[in-house]
Amino acid sequence: MRIDIITVVPELLESPFNHSILKRAKERNLLQIHIHHLRDFAINKYGQVDDTQYGGGAGMVLMCEPLGDAIKKLKSERVYDDIIYLTPDGQTFHQRTANTLSLKENLMLICGHYKGIDQRIRDLYVTREISIGDYVLSGGELAAAIVVDSVARLIPGVLNDETSALTDSHQDNLLAPPVYSRPAEYEGLKVPDVLLSGNFKLIDEWRQDQALKRTEERRPDLLA
Ligand code: ADE
């Protein structure tokens, strides 16, 4: 999978993709991430990419030309399955969207800033708008990092144990059951006997049961 990200703050995206699972995905050539600095497409030598809003009001808007030029350049080089704008008024991001996106080949992510991007860029080019939750970030970069992380770990071959993504929280609309590692007893608290039993059928049933219980207690909305 190839992901192109357009941003005015590329520094914000330097670290998230260079560690742990995403690093491995890139090393295994399962994932390519390319960051594009919007200022490289600025309309003047001052690096201008934003302007005030028509109609007045506080806050700057990312202008059509720089963004349009950046998108057109990328589109001339390959076909994108989705051109995604990260925005608090987009569709709330869920695991099922991550699953869908993990099957794509080329994704473009556009990070907004200030008051957002000119509506005409949304009308002309954007195919999907994603919000990572009902709160407002300073820009789309952290949201983009979250989307990329959750999508990349689902690409076949990225996780060592293929089944491990399937047992994550939210993969069946269920939260994950509790997990334990050594020692078998810590500060008087014991690992549930069933996990030490070696009976995998019983262990599976226990985990299913715990997942259901946890979901009922914490996120009954997922079961509705
Ligand atoms: N940009 C600013 N806030 C955001 C949010 N909640 N989700 C996605 N992009 C954003």
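Indexing begins at 1, ligand by ligand and atom by atom, following the structure's order. All of these numbers come straight from a predicted model, not from anything done at the bench. Every heavy atom of this structure was used, including side-chain atoms; hydrogens, water molecules and symmetry mates were not. Sequential numbering from 1 along the given sequence is applied to the chain's residues.
- In this structure, Arg207 does not pair ionically with Asp209, as no charged nitrogen and carboxylate oxygen lie closer than 4.0 Å.
- Counting non-hydrogen atoms of neighbouring residues, nucleotides and ligands closer than 6.0 angstrom, the CG atom of Asp221 exceeds 12 such neighbours.
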Between ligand 1 and the protein, find all N/O pairs closer than 3.5 Å and give the distance for each.
residue  : atom  : partner : partner atom : Å
ligand 1 : 3 (N) : Leu137  : N            : 3.0
ligand 1 : 6 (N) : Gly133  : O            : 3.2
ligand 1 : 6 (N) : Tyr135  : O            : 2.7
ligand 1 : 7 (N) : Ile132  : N            : 3.0
ligand 1 : 9 (N) : Thr87   : N            : 3.2

Side-chain donor-acceptor pairs of residues 142-157 under 3.5 Å, sequence neighbours excluded:
residue : atom : partner : partner atom : Å
Ser150  : OG   : Ile146  : O            : 3.2
Ser150  : OG   : Val147  : O            : 3.0
Arg153  : NH1  : Asp168  : OD2          : 2.5
Arg153  : NH2  : Asp168  : OD2          : 3.4

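- Of the N and O atoms on the side chains of His113 and Asp50, not one donor lies less than 3.5 Å from an acceptor on the other residue.
- At most 12 heavy atoms of other shown residues, nucleotides or ligands fall within 6.0 angstrom of atom CD in Gln91.
- Here the options are Thr87, Thr92, Leu101, the test is side chain to side chain contact (heavy atoms under 4.5 Å, CB included), and the partner is Ile130; only Leu101 passes.
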